[in-house]
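These notes concern the structure reproduced below.
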2 protein chains.
Amino acid sequence: MKSAWWHAWRCNRCDTERASEETRRTLLLASFEEIHRCGFQASSLQNILKNTKLTKGALYHHFRNKQDIGYAVVDEILKDFIHEQWIKPLAQTNDPIQTLKEIMQYTGEQMTQEDIELGCPLNNLSQEMSSIDDGFRHRIEGLYQDWRVAIADALESGKARQLVREDVNTKQFAIVFVATLEGCIGMAKSSQDMEILQECGMGLMDLLETLR
Amino acid sequence: MKSAWWHAWRCNRCDTERASEETRRTLLLASFEEIHRCGFQASSLQNILKNTKLTKGALYHHFRNKQDIGYAVVDEILKDFIHEQWIKPLAQTNDPIQTLKEIMQYTGEQMTQEDIELGCPLNNLSQEMSSIDDGFRHRIEGLYQDWRVAIADALESGKARQLVREDVNTKQFAIVFVATLEGCIGMAKSSQDMEILQECGMGLMDLLETLR
DNA sequence: CTCACTCCATACCAATTGGTATGTAACTTA
DNA sequence: TAAGTTACATACCAATTGGTATGGAGTGAG
């Protein structure tokens with residue numbers, strides 16, 4: 001039945017459906033945090049449920065199994081993050097180099113001590129699960145691919161505007177850029193030293209400037 | 001009792017001590033491989049023992065607990081690897097840039113498909129355990145520190161020989177170099193694509209050349 | 001010969017794991 | 001009103017986990 005406008009006024013079905021989506025979202029966010037803290041394999045469904053005050057009934061109603069939860073975290077939460085933080089700004093910018101530096105600076109400033117300790121959730125999951133579960137690997141590699149393509153495309157369009165040197169290998173640079181960024185965050189994670197992150201960031205910024 | 005030379009001829013004590021060290025080494029290597037495959041937390045003592053055909057009695061005779069095994073893997077196996085592969089060659093070289101490129105090339109060529117899939121054991125452990133266990137973190141960070149210092153020192157000595165530009169920030173470069181290298185291996189791991197590793201390697205090689 | 005010590009095997013343990021079966025309240029549909 | 005579906009909660013399960021207690025074979029010391 002199509003919902004007419006007057007159904008918005010107290011449509012019980014809509015209410016419960018919205019509530020259901022909300023609990024699913026709650027489960028998903030709690031799962032993301034648990035996985036971010038402990039890794040996927042060491043993450044415990046008990047802990048997730050403890051934090052949400054929900055039960056296994058709820059969890060296994062919305063997800064088929066633990067693997068399904070992990071996949072959903074990548075497909076929904078991590079994907080959203082990459083798109084909002086990187087891909088959308090890059091798709092709109094006129095000056096890709098400037099935008100890349102701005103995103104780096106912004107995310108660097110937003111980072112708390114805990115963020116540094118926990119590291120990049122995408123990289124964490126990638127390093128842990130890529131060699132163990134192909135479902136994870138394909139999803140994660142897809143995200144990295146989107147990310148790199150967005151950077152390369154932005155740099156190519158920067159060439160057209162003569163804001164990027166013509167001889168730059170944009171595809172290769174995108175690979176190195178993402179790799180270096182993840183590497184830097186990883187270094188900061190193990191050293192738990194903000195200075196290391198900044199030194200790394202500076203190095204990357206310098207590298208970016210060489211593209212002009 | 002000091003062992004005189006004639007004790008070498010059938011010293012039963014020495015035999016058993018050597019055998020004991022050997023089983024410890026067997027356990028340690030099997031643990032390293034299991035951890036490299038599954039990560040530390042997901043690694044199973046049962047699997048380790050299954051591969052060695054030893055038992056828990058042996059394992060808990062040589063190690064206090066699972067954590068102790070992980071620490072020993074870092075302190076002995078990973079440390080040895082970094083020192084042999086990177087620190088020693090860098091300490092002896094006259095041309096640090098050339099040596100860095102040679103090590104990269106050599107390790108790149110030696111890498112099997114499985115090595116790419118499993119990634120760098122040091123980085124794997126670092127990303128998994130740094131935020132969870134400070135014992136791991138300190139040990140791993142110590143290794144990274146040694147590694148970076150070796151690179152920076154080599155580059156500094158390269159300055160004296162005018163093989164490295166005077167204005168190079170060697171300490172910062174060492175950080176970026178190690179971060180990028182680990183990032184590249186991580187990218188190759190999730191993409192399972194040798195080409196990605198080579199593109200990354202090329203980028204790093206180019207970066208190295210800018211130091212001359 | 002006896003005692004103690006090293007090195008390792010066997011058997012067992014509580015705790016935790018992901019997963020399932022069943023129950024039930026709320027709501028929609030017929 | 002009766003039947004069916006959704007959205008959970010509760011109770012339970014086998015399997016696996018890291019860890020321990022005990023035992024025994026081999027060896028050196030006294």
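Naming convention: chains lettered A, B, ... in sequence-line order (proteins, then strands); numbering from 1 in each chain. All values below come from the heavy atoms of this structure, side chains included, with hydrogens, waters and symmetry mates left out.
- Of the residues in residues 126-138 of chain A, not one places a heavy atom less than 4.0 Å from an atom of DNA chain C.
- The only member of A:D153, A:I82, A:V149 that meets side-chain contact (heavy atoms from CB on, under 4.5 Å) when paired with A:I87 is A:I82.
- Distances were taken from every side-chain heavy atom of B:H62 (C-beta onward) to each of C:dG18, C:dC8, D:dG19; the shortest belongs to C:dC8.
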Below 3.5 Å is the cut-off: list the nitrogen or oxygen pairs between protein and nucleotides 12-15 of chain D, distance only.
none

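- Salt-bridge check for A:E34 with A:K50: failed, with every basic side-chain N at 4.0 Å or more from each acidic carboxylate O.
- The aromatic rings of A:W86 and A:W147 sit tilted, their planes meeting at an angle between 30° and 60°.
- Applying the 4.0 Å criterion to OP1 and OP2 of D:dC8, one finds that A:H61 has every side-chain N and O outside that range.
- A close approach under 4.0 Å does not occur between any side-chain nitrogen or oxygen of A:S20 and OP1 or OP2 of D:dT6.
- Side-chain atoms of A:R25 never come within 3.5 Å of backbone atoms of A:E21 as a donor-acceptor pair (strictly under, hydrogens ignored).
- Near DNA chain C, meaning a heavy atom under 4.0 Å from it, residues 29-55 of chain B has B:L54, B:T55 in order of number.
- For A:N65, whose side chain is taken as the heavy atoms from C-beta onward, the closest listed nucleotide among C:dT6, C:dG19, D:dG19 is C:dG19.
- Donor-acceptor pairing under 3.5 Å is lacking for the side chains of A:S131 and B:E117.
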